[in-house]
Amino acid sequence: MGRRMVAVLVLFAAVGLAAGPRTWTPEKWFDKPKSPRIANYRIEAVLDFEHKTLEGSETISWRNTGTAPTQELPLHLYLNAFKGPQSLFVKESGGRLGEDRQDRQDRPSDPSSWGYCRLISARMEGRELEGHAGEDETVHWLKLPRPVVPGETIHIEVAWENRYPKVVARSGWSGDFLMSGQWFPKVGVYQGDRWNCHAYHANTEFFADFGVYDVALSLPNALGLAHTGTQTNFVTEIEKDPKRALNVIWRLHAEDVHDFAWAVMPRETWRKPAMFEYRGVQVFYFINGKNRGNFHRQRRAVENALRWSEEWYFKYPYPTLTVIDTPKEARGADGMEYPTLFTAGSVAFDPLQQRVTPELVSIHEFGHQFFQGMLASNEVEEPWLDEGFTSWFTHKAMERSYHALLGGRRFQVGTDTGEWIGYWMQPSADPLTRFGFRTLNARGYGITAYGKPTLVLNQLEAMLGRPVMEQVMRAYAQEMAFRHPTRNDFRRIAERVSGHDLSAFWRDFVEGTEVLDYVIRGVKAREVTQGGWLFSDKAPVFAAPQPAAPGRVGSITLERKGGIRVPITLWVRLENREEQRLVWDGQDRWITYEFDSPVAGAVLDPDGNYPMLKDRLHASYTPKPARRGFHYWAQMVWGAVAGWMQGCGIG
């Protein structure tokens with residue numbers, strides 16, 4: 001490239017473009033730590049890009065913040081999930097991430113399809129450490145030479161080597177792209193008197209402690225690098241690797257994060273990434289050249305996410321953010337989040353301007369900077385606190401920014417449509433409290449982690465009211481930032497801020513698997529008549545039946561088809577123009593209401609108090625359904641055609 005160009009870019013980033021004073025440097029972000037900084041890493045690694053291998057060494061500084069001594073220390077070796085068909089990940093997933101993903105290992109006999117993380121050595125205080133595999137080879141337990149007491153800090157020296165697999169489930173290579181995620185031996189989380197260090201399952205993600213990362217990567221000089229954190233060298237000149245003539249060394253730094261990732265690609269757009277500053281954050285965009293025409297959409301989405309997260313929770317505290325437009329052939333690494341970095345592919349041609357790619361994906365992946373990025377919940381045991389809260393943030397940010405995923409004058413596709421469809425495909429399989437790898441199947445995991453939590457948070461907002469819900473979410477985000485929150489923390493904060501007892505809500509929507517399903521089972525009308533045999537002091541007299549007051553009357557029958565029992569409002573309009581609002585406690589399976597006039601219209605939950613009500617089509621009634629004429633449908637069709645033509649640049 002110009003190596004001068006690299007130096008100029010880094011200098012540009014270090015000096016900054018904003019007029020306001022800069023409170024950080026690439027080497028030091030914060031005056032005071034924002035996290036406990038329990039697990040800190042100093043890493044040196046060399047990438048062999050041609051063979052897709054890496055040699056690395058690291059020094060881990062780990063502090064025992066538990067309540068008891070420990071004489072063992074587990075390391076995650078995540079890449080061993082792709083070591084062979086015997087791993088839990090491959091057994092559970094068939095080598096792909098989710099039922100609808102196309103990143104499966106379709107050439108199992110090819111060695112390049114597989115990868116591994118091989119631990120070469122581990123030392124503490126000059127002594128070689130022995131160890132053994134855990135549930136599978138994605139966790140390695142080290143035996144320490146002595147107990148480590150609470151409050152004590154130890155230093156572990158580790159050497160390892162990686163072979164990257166063909167891109168699958170967030171990491172690996174495809175063509176000239178390589179995504180290095182979960183690439184280094186990482187310490188588990190010690191809580192109380194035990195370790196939390198699960199094997200890498202197909203339906204789980206990650207859990208780790210916060211710390212400071214100083215990383216030195218030796219890379220071929222033709223590669224562009226996207227990375228977590230800030231670069232601390234190249235300010236005045238390129239730092240060559242003295243041991244490798246064609247390599248340069250990138251020195252990187254990150255504070256108060258719990259992971260570190262990077263990606264490389266030998267393309268001009270990667271060696272000269274676009275950089276824009278927004279709200280004091282330097283945002284670097286690594287653009288896929290084919291998608292440059294839609295780059296403005298991705299940039300707007302990222303800036304919308306930065307804006308709403310700051311207004312709703314707190315200001316994004318890190319100095320940089322990196323956005324990778326993943327190449328089409330590497331979709332297995334797309335849609336994934338890491339501290340200060342996420343992957344979100346874009347599109348080259350989208351005439352309908354659907355707001356899924358890049359808008360929804362970019363906002364969702366940015367949302368993870370907060371939920372699990374800074375509010376570091378346990379993604380393995382409580383995936384809904386990560387994916388669910390992020391999906392809800394995505395829904396709200398998309399709604400505020402674009403109103404709909406796809407819309408026109410006659411219809412709109414709501415920003416939570418995907419969550420609705422997913423949830424109602426399999427609503428009763430798993431509660432939100434189930435571990436991710438113990439859900440019924442991959443679809444069940446998706447519903448438990450993404451779909452149902454979004455709807456549950458919608459339901460909580462309807463119950464508390466939007467202003468109170470905003471206060472709850474703000475308090476939760478600010479109080480639990482840079483900690484490991486659990487669902488009990490969220491409930492505690494929500495009850496304190498709102499003043500509500502959420503026991504029933506928690507039982508029904510968080511811990512339960514029943515559904516909220518009320519319908520109007522039937523509506524009837526009949527004539528009131530009087531007559532027949534009449535008795536008196538004389539002989540019975542027969543009178544022909546005839547209409548009597550009040551004339552025609554009506555009735556409506558409601559049915560509770562689901563297991564959740566809540567009071568629900570019924571609004572009824574009668575033919576005599578009278579309107580009534582009735583509240584049914586929902587305890588029985590059905591109830592019938594009688595009226596002095598036939599029912600002209602009815603709606604269950606007219607105020608929208610139950611966003612999770614399953615079937616609103618059958619929760620309403622009108623005797624004469626609306627009919628759409630020729631002009632209506634002609635306008636619908638022509639509007640769609642005209643929109644498509646405008647998207648193509650025609651007309």
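Heavy atoms only: backbone and side chains are in, while hydrogens, waters and symmetry mates are out.
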Partners of Trp308 by side chain to side chain donor-acceptor pair (under 3.5 Å), sequence neighbours excluded? Ser401
Could you tabulate the donor-acceptor pairs under 3.5 Å formed by side-chain atoms of residues 455-466, not counting sequence neighbours?
residue: Asn458; atom: OD1; partner: Trp392; partner atom: NE1; Å: 2.9
residue: Asn458; atom: ND2; partner: Asp416; partner atom: OD2; Å: 3.3
residue: Gln459; atom: OE1; partner: Met612; partner atom: N; Å: 3.3
residue: Gln459; atom: NE2; partner: Asn609; partner atom: O; Å: 3.0
residue: Glu461; atom: OE1; partner: Lys396; partner atom: NZ; Å: 2.6
residue: Glu461; atom: OE2; partner: Lys396; partner atom: NZ; Å: 3.4

For residues 475-484, please give each side-chain donor-acceptor pair under 3.5 Å, one per line with the distance, not counting sequence neighbours.
residue: Gln478; atom: NE2; partner: Tyr313; partner atom: O; Å: 2.9
residue: Glu479; atom: OE1; partner: Arg496; partner atom: NH1; Å: 3.3
residue: Glu479; atom: OE2; partner: Arg496; partner atom: NH1; Å: 3.4
residue: Glu479; atom: OE2; partner: Arg496; partner atom: NH2; Å: 2.4
residue: Arg483; atom: NH1; partner: Glu479; partner atom: O; Å: 3.2
residue: His484; atom: ND1; partner: Ala376; partner atom: O; Å: 2.7
residue: His484; atom: NE2; partner: Asp209; partner atom: OD1; Å: 2.8

Exactly one of Glu382, Glu381, Glu511 should register a side chain to side chain donor-acceptor pair (under 3.5 Å) with Arg487. Which one does? Glu382
Arg565/Asp585 ion pair, N-O < 4.0 Å: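 Result for this pair is no, no salt bridge flagged.
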Identify, with sequence neighbours excluded, every residue that meets salt bridge (Lys or Arg N to Asp or Glu O under 4.0 Å) alongside Asp501. none
Donor-acceptor list for residues 529-551 side chains, cut-off 3.5 Å, not counting sequence neighbours:
residue: Ser536; atom: OG; partner: Lys538; partner atom: N; Å: 3.3

Just checking Arg577: does its CZ atom have more than 12 heavy atoms from other residues, nucleotides or ligands closer to it than 6.0 angstrom? no
Counting only heavy atoms not in Lys524, do more than 12 sit closer than 6.0 Å to its NZ atom? no
Partners of Arg552 by side chain to side chain donor-acceptor pair (under 3.5 Å), sequence neighbours excluded? Glu575
I'd like to know if the side chain of Thr592 pairs up with that of Thr557 as donor and acceptor (distance under 3.5 Å, no hydrogens or angles considered). yes
Could you check if a side-chain atom of Val553 sits within less than 4.5 angstrom of a side-chain atom of Arg526, using non-hydrogen atoms only? yes
Can you pull out every ring pair (Phe, Tyr, Trp, His ring centres under 6.0 Å) where at least one residue sits in residues 570-602? Sequence neighbours excluded, please. Tyr518-Trp584
Which residues pass the salt bridge (Lys or Arg N to Asp or Glu O under 4.0 Å) test with Arg581, not counting sequence neighbours? Asp607
Indicate the ring-plane relationship of Tyr200 and Phe89, choosing parallel, tilted or perpendicular according to the 30° and 60° boundaries.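 Rings of Tyr200 and Phe89: tilted, as their planes differ by 30° to 60°.
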Non-neighbouring partners of Thr513 that pass side chain to side chain donor-acceptor pair (under 3.5 Å), sequence neighbours left out: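 Thr513: no side chain to side chain donor-acceptor pair (under 3.5 Å) contacts found.
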Over 60° means perpendicular and under 30° means parallel, so tell me whether Phe393 and Phe366 are parallel, tilted or perpendicular. tilted
Using the salt bridge (Lys or Arg N to Asp or Glu O under 4.0 Å) criterion, which residues pair with Arg491? Sequence neighbours excluded.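 Partners of Arg491 by the salt bridge (Lys or Arg N to Asp or Glu O under 4.0 Å) criterion, ordered by chain and then number, come out as Glu495.
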For Thr390 and His364, does a side-chain donor sit closer than 3.5 Å to a side-chain acceptor? no
Residues at least two apart in sequence or cross-chain that pass side chain to side chain donor-acceptor pair (under 3.5 Å) with Asp517, listed by chain then number, are none
Rounded at 0.5 Å granularity, tell me how far NE2 in His618 sits from OG in Ser620. 8.5 Å
Can you confirm whether Asp596 is buried at CG, in the sense that more than 12 heavy atoms of other residues, nucleotides or ligands lie under 6.0 Å from that atom?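 Incorrect, the count does not exceed 12.
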Have Ser346 and Gln298 got a donor and an acceptor in their side chains that come within less than 3.5 Å?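 Their side chains do not contain a donor-acceptor pair, so the 3.5 Å distance test is not met.
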What residues form a salt bridge (Lys or Arg N to Asp or Glu O under 4.0 Å) with Glu559, not counting sequence neighbours?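 Once residues adjacent in sequence are excluded, the partners of Glu559 under the salt bridge (Lys or Arg N to Asp or Glu O under 4.0 Å) criterion are Arg521.
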Once rounded to the nearest 0.5 Å, what's the spacing between atom CG of Asn203 and atom CD of Glu92? 7.0 Å
